[in-house]
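Here's the structure we're looking at; comments come further down.
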Amino acid sequence: MRPRAIPLTLAFAVLATGVPAAAQLHVTPTAGAYRPGEAPMDVGNGTRLFRGSALGMGVNLEAGFLRGTIAYASGATIRQDGLGATGDVGQGTLLAMTAGIAFRPLPRVLGFQPYALVGGGFKRYDYAWDDHRFDTLFPSDQREFVLQYGGGADLMVGGLGLMAEVYDMVAPDLDDSRRHDTFVQIGLRFRLGGG
């Protein structure tokens with residue numbers, strides 16, 4: 001197991017077992033938009049690569065104040081802009097898994113409650129290049145530790161609700177071109193028992 005995977009594994013173990021039995025469990029499938037950081041990837045010789053926006057999907061699991069998130073974005077177009085040529089040169093996907101806290105400082109009023117998110121985990125990029133000269137510049141997949149922060153709100157009526165949120169996944173040790181990955185999501189929130 002990679003050293004960076006150990007904290008994430010422990011966090012998911014706490015999420016799965018460290019919450020009192022009376023705590024409510026919420027599952028929220030989500031869909032929305034994925035937007036990568038705007039800074040280009042500089043590949044030299046005056047050529048830069050830009051990652052495009054794509055559909056973002058995921059699922060959130062909450063037990064009390066603990067939360068786990070799986071987020072996925074597929075089919076993000078990678079565009080080349082340089083002295084020699086411009087155009088699409090490939091596609092990228094992103095898979096991220098985080099664990100953290102959903103902080104809810106305000107009481108629920110008429111079913112509505114805002115919240116803030118903070119957590120950590122990893123994100124993994126996968127690339128499919130149309131132009132094979134980029135194969136040597138980027139590995140076929142790349143996994144990095146991330147910090148997650150953001151916020152949102154949900155509206156619950158009984159055991160069913162709607163939610164909307166925005167969060168960013170920041171990789172502290174990446175260059176600016178792959179440092180930020182932002183998800184804007186909406187979803188259905190299901191309560192699965194609890195006290």
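Residue numbers run from 1 in the order of the sequence given.
Inter-residue side-chain proximity for I78 and Y127 is flagged as met; some heavy-atom pair is nearer than 4.5 Å. Contact check for P105 versus Y115: no side-chain heavy atoms found under the 4.5 Å cut-off.
The only member of R108, Q113, H26 that meets side-chain hydrogen bond (donor to acceptor under 3.5 Å, both in side chains) when paired with D154 is R108.
Residue F65 qualifies as open at atom CZ: its count of foreign heavy atoms under 6.0 Å is 12 or below. L160 CG: more than 12 foreign heavy atoms inside a 6.0 Å radius. Environment of CZ in R189: crowded, with over 12 heavy atoms of neighbouring residues, nucleotides or ligands closer than 6.0 Å.
Remark: Q91 pairs with no residue by the side-chain hydrogen bond (donor to acceptor under 3.5 Å, both in side chains) rule, at least two apart or across chains. For R79, the side-chain hydrogen bond (donor to acceptor under 3.5 Å, both in side chains) test picks out no residue, with sequence neighbours left out. With sequence neighbours excluded, no residue satisfies side-chain hydrogen bond (donor to acceptor under 3.5 Å, both in side chains) with Y72. Evaluation of the side-chain hydrogen bond (donor to acceptor under 3.5 Å, both in side chains) rule for Y167 yields no partner, not counting sequence neighbours.
Residues Y34 and F183 bring their aromatic ring centres within 6.0 Å.
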Note to self: As a quick check of understanding, evaluate salt bridge (Lys or Arg N to Asp or Glu O under 4.0 Å) for D126 and R143, giving each step before the final call.
What the structure shows: CA-CA 9 Å; D126 287 284; R143 186 168 65 176; over 6 Å; no
Check: Where do V184 and R35 land on the side chain to side chain contact (heavy atoms under 4.5 Å, CB included) test, with the steps shown first?
Finding: CA-CA 8 Å; V184 179; R35 181 177 173 86; over 6 Å; no
Next item on the list: Go through R191 and E62 one step at a time and tell me if the salt bridge (Lys or Arg N to Asp or Glu O under 4.0 Å) criterion holds.
Entry: CA-CA 9 Å; R191 186 175 66 207; E62 288 184 48; over 6 Å; no
Margin query: With side-chain hydrogen bond (donor to acceptor under 3.5 Å, both in side chains) as the criterion, how do N60 and Q185 come out once you've worked through the C-alpha distance, each side chain's angles and the decisive distance to 0.1 Å?
Written below: CA-CA 11 Å; N60 303 328; Q185 302 283 278; over 6 Å; no
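No donor-acceptor distance shorter than 3.5 angstrom exists from the side chain of D181 to the backbone of P36, with no hydrogens or angles considered.
Membership of the apolar cluster around L155 extends to F112, as traced through chained side-chain contacts below 4.5 Å between ILVMFWY residues. Under a 4.5 Å side-chain heavy-atom cut-off, the cluster of Ile, Leu, Val, Met, Phe, Trp and Tyr residues that includes V170 is completed by Y149.
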